[in-house]
> 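The structure is given below, and queries will be raised subsequently.
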Amino acid sequence: MQRPHHPVWLVGAMVAGRRSQPSLARAARCQGSFRAVAGGAEGSSGLDLESFGTIVAILRADAGVTWWVESWWDLPEGPDGVAELHRRIDAGPPG
């Protein structure tokens with residue numbers, strides 16, 4: 001058993017143009033977070049390096065990243081989807 005409890009990761013979504021960011025504030029109190037930008041393109045977290053930097057500035061936290069989670073919510077089935085997965089794996093983590 002992990003003490004004081006297992007790691008908790010929450011989604012923290014930034015809403016562009018909003019001064020108060022309650023979703024990010026909740027996520028910042030946990031051991032980790034999956035950051036996203038609300039209102040992005042359908043099927044996308046809206047997160048890129050620039051928006052990540054903005055989120056870090058809002059939270060006034062260190063930008064120490066140990067994980068990068070990339071998702072394609074509507075990945076097509078079949079060969080096209082498999083090819084995209086291989087492309088992303090071959091590209092490796094963002095530089």
Side-chain angles (χ1 to χ4, degrees):
M1 180 178 285
Q2 296 178 344
R3 299 205 189 278
H5 51 75
H6 64 281
V8 176
W9 284 59
L10 292 180
V11 171
M14 179 177 73
V15 180
R18 181 186 285 176
R19 184 170 184 215
S20 174
Q21 298 286 337
S23 176
L24 289 176
R26 280 189 300 275
R29 292 190 297 266
C30 295
Q31 287 80 12
S33 66
F34 175 83
R35 312 282 168 95
V37 177
E42 185 175 333
S44 168
S45 72
L47 190 66
D48 56 22
L49 292 176
E50 181 179 343
S51 60
F52 180 78
T54 301
I55 290 170
V56 169
I58 288 170
L59 297 176
R60 293 182 178 86
D62 293 331
V65 177
T66 58
W67 288 86
W68 178 276
V69 177
E70 185 173 342
S71 299
W72 187 6
W73 301 105
D74 59 350
L75 183 70
E77 294 184 25
D80 289 341
V82 172
E84 178 60 17
L85 287 175
H86 284 284
R87 184 192 70 74
R88 291 180 181 210
I89 291 168
D90 291 342

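Both backbone and side-chain heavy atoms feed into the values below; hydrogens, waters and symmetry mates do not. Position 1 is the first residue of the sequence, and the numbers go up from there. Source: prediction; values computed, not measured.
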> Measure the spacing between CZ of Arg87 and CD1 of Ile89 and express it to the nearest 0.5 Å.
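CD1 of Ile89 is found 11.0 Å from CZ of Arg87.
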> Got a second to check how far Leu85's CG is from Asp80's CG, nearest 0.5 Å?
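Leu85 CG to Asp80 CG: 11.0 Å, rounded to 0.5 Å.
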> Taking side-chain hydrogen bond (donor to acceptor under 3.5 Å, both in side chains) as the definition, give me every residue that meets it alongside Ser23, ordered by chain and number, with sequence neighbours left out.
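Checked Ser23 against side-chain hydrogen bond (donor to acceptor under 3.5 Å, both in side chains); zero matches.
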> Return a table of donor-acceptor pairs under 3.5 angstrom between the side chains of residues 15-22 and protein atoms on other chains or two or more places apart.
| from | atom 1 | to | atom 2 | distance (Å) |
| --- | --- | --- | --- | --- |
| Gln21 | OE1 | Val15 | N | 2.9 |
| Gln21 | NE2 | Val15 | O | 2.8 |
| Gln21 | NE2 | Arg18 | O | 2.8 |

